[in-house]
Each structure stands twice: as C-alpha cells, then as structure tokens.
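Order of the sequence lines sets the chain letters (A, B, ...), proteins ahead of strands, with each chain counted from 1.
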2 protein chains.
Amino acid sequence: MIKNDIVLAIEKKTDFSAAKSLEIVEAILKALKDALADNSKVEIRGFGSFRVVAKKTGYGRDIRRQKQIHITQGKRIKFRCGQELKTIAPKSE
Amino acid sequence: MIKNDIVLAIEKKTDFSAAKSLEIVEAILKALKDALADNSKVEIRGFGSFRVVAKKTGYGRDIRRQKQIHITQGKRIKFRCGQELKTIAPKSE
DNA sequence: GCTTCCATGATCAAGAATGATATTGTTCTG
DNA sequence: CAGAACAATATCATTCTTGATCATGGAAGC
C-alpha cells in the first residue's frame, strides 16, 4: 500500500476528488510529522501509537573498514500497534 | 496528539465538518489496518513505512510466577521512519 | 463532562533488532 | 518518465523487545 492507495480509500469512502483526498492525506502526514518533531506521542485508540524515544544504542559499524562508529545520540520513532492491530496482525499466513 | 487532533488538522486544512473529518480519519485507519492485516507493507515516501514481520522472539515471562512462557509465533508491525522523519526526529531537545 | 475501556509501565530472561555506511536495485512520487 | 527515496546486506556491540499481569492515567464515546 502506498500513499495513492490511501487517497483511493478516501475517494471510495467519501465522494471527494482525488486532488482533495491527496490534500487531506498530506495534511494528516504533515500534522503527524509536526507532532513527532515536537516529541509528542501520537496515540490512536484501536490502531496504535507513535512514540519518540531517545536512541540509546551508541554503536554502529562501518563494514567496509570494520571499524566501530560512535552513533550520535538521536531519536527514534517507535510505533506500537494497538489491540485491534494485534488481533489482525497475527492472522494465519 | 490523539485522533481528535488529526481531525482538527483536517478541519483546519480543508473546510470539512468535524464529522466529515472524523469519517475520513477512520476511513484511512481502516484502510491501514486492512492493508496490514493483509501482510502488505505500507510505504509512504517522506514519512515512513509499516512492515509486517514475523515475530522471532519466542520467549516471554510471567513476572508473578517468574516462569518462562513460550510465545506463540505471531506477527509484529514495524514502523520505520523515512528520511523526512529522520531529519526532524533528532531535533534539539 | 463522565464513564468506560484501552494503553502504558514495570518486570524478568533470552533472543533479536538497531545503528552506520556504501552500493545496488526496486519503486514510489511528482 | 525521471529522480529520489527506500530495501537489502554485512558487521558487531549494545540496547531493546516480547509476554503476562495489575494499576493507573488517558483517550474516546456518549
């Protein structure tokens, strides 16, 4: 699934044009990115939650030289799926 | 940020009513959940990607009895943030 | 606004994933 | 279509995740 599929989903669900749907998707993405940039956690009941956590792993490796690299302390965005996703995710495969 | 904030973001970006915006958000969430339930990866350039991966960790623990629990092989939904989120995520804190 | 239900935190152990980097191929997006 | 972003890979050490359970804070429905 790509961004266009989400746009199509909105089109099917509503009666908006493709351009309008795309605008909505981008607005949501922008809102999400803005919230995550602000270190806010995003919590959607029944779906999942995004949390910005500090990276604690301070080691990397350059395979070309096999030397260790000190990883700058940054952040990670972690997504934890909610109850509904937990139910559907482990479906038969 | 909660679901309502996303709804508000749509309202601000567009001129839809709150009910309409909520309908859109739920439509997107449903589409996402449906795709993830189908083991499809969701990839949004510039934002991030969801991937359904098989759980490989086969051990858990019951803290009340301190006994190991064999974890049923299920699935996990992994989210990897894209370049744009990588840029904003490690912002000064 | 209130209530209900969901998510989180902590814990414990062991296995697994992450992180950086460069390259290549894929594919998403404008 | 063209361009850029993303996946995969190998590497190794460190951190983290997973599972269940209880309490609590918080989201969401009414």
Trainee: How many whole angstroms separate atom NZ of B/Lys75 from atom C1' of D/dT18?
Mentor: 17 Å
Trainee: I need the CE-P distance between B/Met1 and C/dA7, as an integer number of Å.
Mentor: 18 Å
Trainee: Would you call the rings of B/Phe47 and A/Phe50 parallel, tilted or perpendicular, where under 30° means parallel and over 60° means perpendicular?
Mentor: perpendicular
Trainee: Rounding to a whole Å, what distance do you find between A/Ile2:CD1 and D/dA5:C1'?
Mentor: 13 Å
Trainee: Distance criterion of 3.5 Å, no angle test: do you see the side chain of A/Arg45 paired donor-to-acceptor with the base of C/dC6?
Mentor: yes
Trainee: In whole angstrom, what separates A/Phe79's CZ from C/dA7's P?
Mentor: 11 Å
Trainee: Taking only the side-chain nitrogens and oxygens of B/Arg80, find out if one of them lies under 4.0 Å from OP1 or OP2 of D/dA8.
Mentor: no
Trainee: In whole angstrom, give the distance that lies between atom CZ of B/Arg51 and atom C1' of C/dA16.
Mentor: 14 Å
Trainee: For the residue pair B/Phe16 and A/Phe16, does the interplanar ring angle fall in the parallel (under 30°), tilted (30 to 60°) or perpendicular (over 60°) class?
Mentor: parallel
Trainee: Rounded to the nearest angstrom, tell me the gap between atom CZ in A/Arg76 and atom P in C/dA17.
Mentor: 12 Å
Trainee: Assign each of A/Glu43 and B/Lys41 to its nearest nucleotide of DNA chain D by heavy atoms, then name whichever residue's nucleotide is nearer the 5' end.
Mentor: B/Lys41
Trainee: Touch check for A/Lys78, heavy atoms < 4.0 angstrom, all strands: base, sugar-phosphate only, or nothing?
Mentor: sugar-phosphate
Trainee: To the nearest Å, how far apart are A/Lys3 NZ and D/dA5 P?
Mentor: 13 Å
Trainee: Under 4.5 Å between any side-chain heavy atoms of A/Leu22 and A/Lys3, yes or no?
Mentor: yes
Trainee: B/Glu84 CD to C/dT29 P: how many Å, rounded?
Mentor: 12 Å
Trainee: For A/Leu36, is there any backbone N or O sitting under 3.5 Å from a side-chain donor or acceptor partner on A/Ser40?
Mentor: no
